[in-house]
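Everything below concerns the one structure shown next.
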Amino acid sequence: MTGILYVVATPIGNLEDMTYRAVRVLQEASLIAAEDTRHSRKLLDHYGIRTALISYHEHNEQARAEQLIAKLTAGDSLALISDAGTPCIADPGYRLVSACRSAGIEVVAVPGPSALVAALSIAGLPTDAFRFVGFLPAKAHGRRQLLERLYAERQTIACYEAPHRLLASLEDIREICGGERSIAIARELTKRHEELFSGTVAQALEHFSGGAVKGEIVILLGPAAETAPIGTVTERLQQLREETDLSWKEIVKQVAKEFGVAGSDVYRESLELRHGQ
Ligand code: SAM
C-alpha cells in the first residue's frame, strides 16, 4: 500500500485559522515537508504537533521530490505545507504533486486559508471569473510588459506584491490601465493591522503615498470596462497616426481620454514612438 500525500493549508497570519482536520492530518503524518522548517515548527508547537519536519523549498524541490516519492511508495503518508496559506499557490509544491500523480500516488487536499481567496472574498470586485498572475515581476520592464498584456482583461486581475514595490507598481498600473480603474489592496489579512483599501488606482496612489508601506499585500485590479480600447497605448497612438489626419497633439489628447491616463504619460509614449520612426 502506498502512502498518501496531504497538501495542507496553514494560516496566513492568524493562528486560529488552522482547521481541525489540518491539525489531525499533520499529527498523523509520518513526516511533514515544509518550506522553512524553523518557521513551521512554531506553528506545530502551538498545536502540540510532534511530527518530524523535512525541508522542501524551491532550491531542493527536484531532489527532495524523489526522496519523498520513495517514502510514499514505501507506505508512509506525508503532509506538505508552506510558510503560510495553501501550498502550490505562488509557493513550492507543484513539482512534488505532479511527480506523485505520475507515480500513481494519491494526493489529497486539506483546504484552508489562501491570501488570494481571502482578498477576493472581501474586495467587492467581480469574482465570477478572475485571473491570478502570481507575483508581479520585480523589475519595471517585465512588470510593464505584463500590465500591457493584461490591461484590457475583462476579469478581475489578482496578484501578490512586495510592500516596497507597491507604489512603483501602482504608478505603472495608473499609466497603463488608467487612474480611474477600480482596485482593491488587501494588506496584512487576518492580522492586527489588517486593511482593505478599495477605490480607484489614482486614489490608491494617494492613499499609500504617505509613508513606507509595510506588510503583506494582495492587489486586485477591477476588470476593464466593456468600452475599454483593445491594444496598448502605443498601438492606439500608431493606429490613430496611420488612420486619421489628427495632429500628434490631438492624438495624445484622444488616447489619454480613451485610456483614462495622464496626457503627460501618453505624450512621453508618443515621443518614444516619434523618435523610433
Ligand atoms: N501560498 C500562499 C497563499 O495561499 O496565500 C501565498 C504565498 S506567497 C509566497 C506570499 C505572498 O502572499 C505575500 O508576499 C503576499 O503577497 C501574499 N500574502 C500572504 N499572506 C498575506 C496576508 N496575510 N495578507 C495579504 N497578503 C498576503
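Order of listing sets the numbers, starting from 1, for every ligand and every atom in it.
His57 is linked by a ring pair (Phe, Tyr, Trp, His ring centres under 6.0 Å) to His59, counting only residues two or more places apart in sequence or in another chain.
Nearest protein heavy-atom contact of atom 2 (C) of ligand 1 is Ala84 O, 3.3 Å. Ala115 N, 2.7 Å is the protein heavy atom nearest to atom 5 (O) of ligand 1. When hydrogens are left out, the protein atom nearest atom 11 (C) of ligand 1 is Phe135 CZ, 3.6 Å; that is the closest non-hydrogen contact. What sits closest to atom 8 (S) of ligand 1 on the protein, heavy atoms only, is Ala90 O, 3.6 Å. Atom 13 (C) of ligand 1 has Glu216 OE2, 3.6 Å as its closest protein atom, hydrogens excluded (heavy atom only).
Under a 4.5 Å side-chain heavy-atom cut-off, the cluster of Ile, Leu, Val, Met, Phe, Trp and Tyr residues that includes Leu78 is completed by Leu5, Val7, Leu31, Ile54, Tyr56, Leu68, Ile69, Leu72, Leu80, Leu96, Val97, Ile105, Val107.
The hydrophobic clustering, which links ILVMFWY residues whose side-chain heavy atoms are closer than 4.5 Å, places Ile183 and Phe135 apart. Linking ILVMFWY side-chain heavy atoms closer than 4.5 Å, directly or via other members, places Leu271 and Ile251 in a single hydrophobic cluster. Criterion: ILVMFWY side-chain heavy atoms under 4.5 Å apart, direct or through other members. Under it, Tyr94 and Val110 are not part of a common hydrophobic cluster.
Under 4.0 Å from ligand 1, not a single heavy atom of Cys88 appears. Using a 4.0 Å cut-off between heavy atoms, Glu161 contacts ligand 1 through its backbone alone, with no side-chain atom that close.
At under 3.5 Å, not a single nitrogen or oxygen of Pro113, backbone or side chain, sits near a nitrogen or oxygen of ligand 1. Residue Ile217 has at least one N or O atom closer than 3.5 Å to an N or O atom of ligand 1. Close N/O approach between Ile89 and ligand 1 is found [any backbone or side-chain N/O within under 3.5 Å]. At least one N or O atom of Leu189, backbone or side chain, sits closer than 3.5 Å to an N or O atom of ligand 1. Checking only distances, Ser82 never comes within under 3.5 Å of ligand 1, N or O to N or O.
A salt bridge links Glu171 with Arg174: at least one charged nitrogen is closer than 4.0 Å to a carboxylate oxygen. Of the charged side-chain nitrogens involved, none lies within less than 4.0 Å of a carboxylate oxygen, so that Glu188 and Arg192 do not count as a salt-bridged pair.
The option from Val218, Asp91, Thr86, Ile219 that lies nearest to atom 26 (N) of ligand 1, judged by heavy atoms, is Val218.
Ligand 1 does not have Thr190 within reach: every non-hydrogen atom of the residue lies 4.0 Å or more from it. Ligand 1 is never approached by Gly13 to a heavy-atom distance shorter than 4.0 Å.
There is a side-chain donor-acceptor pair under 3.5 Å between Arg236 and Gln239.
Using a 4.5 Å heavy-atom threshold, the side chains of Glu35 and Pro92 count as touching.
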Checking Lys42 against Asp45 for the salt bridge (Lys or Arg N to Asp or Glu O under 4.0 Å) test, could you report, in this order, the C-alpha distance in whole Å, the side-chain angles of both residues, the deciding distance, and whether it holds?
CA-CA 5 Å; Lys42 289 184 204 147; Asp45 284 348; over 6 Å; no

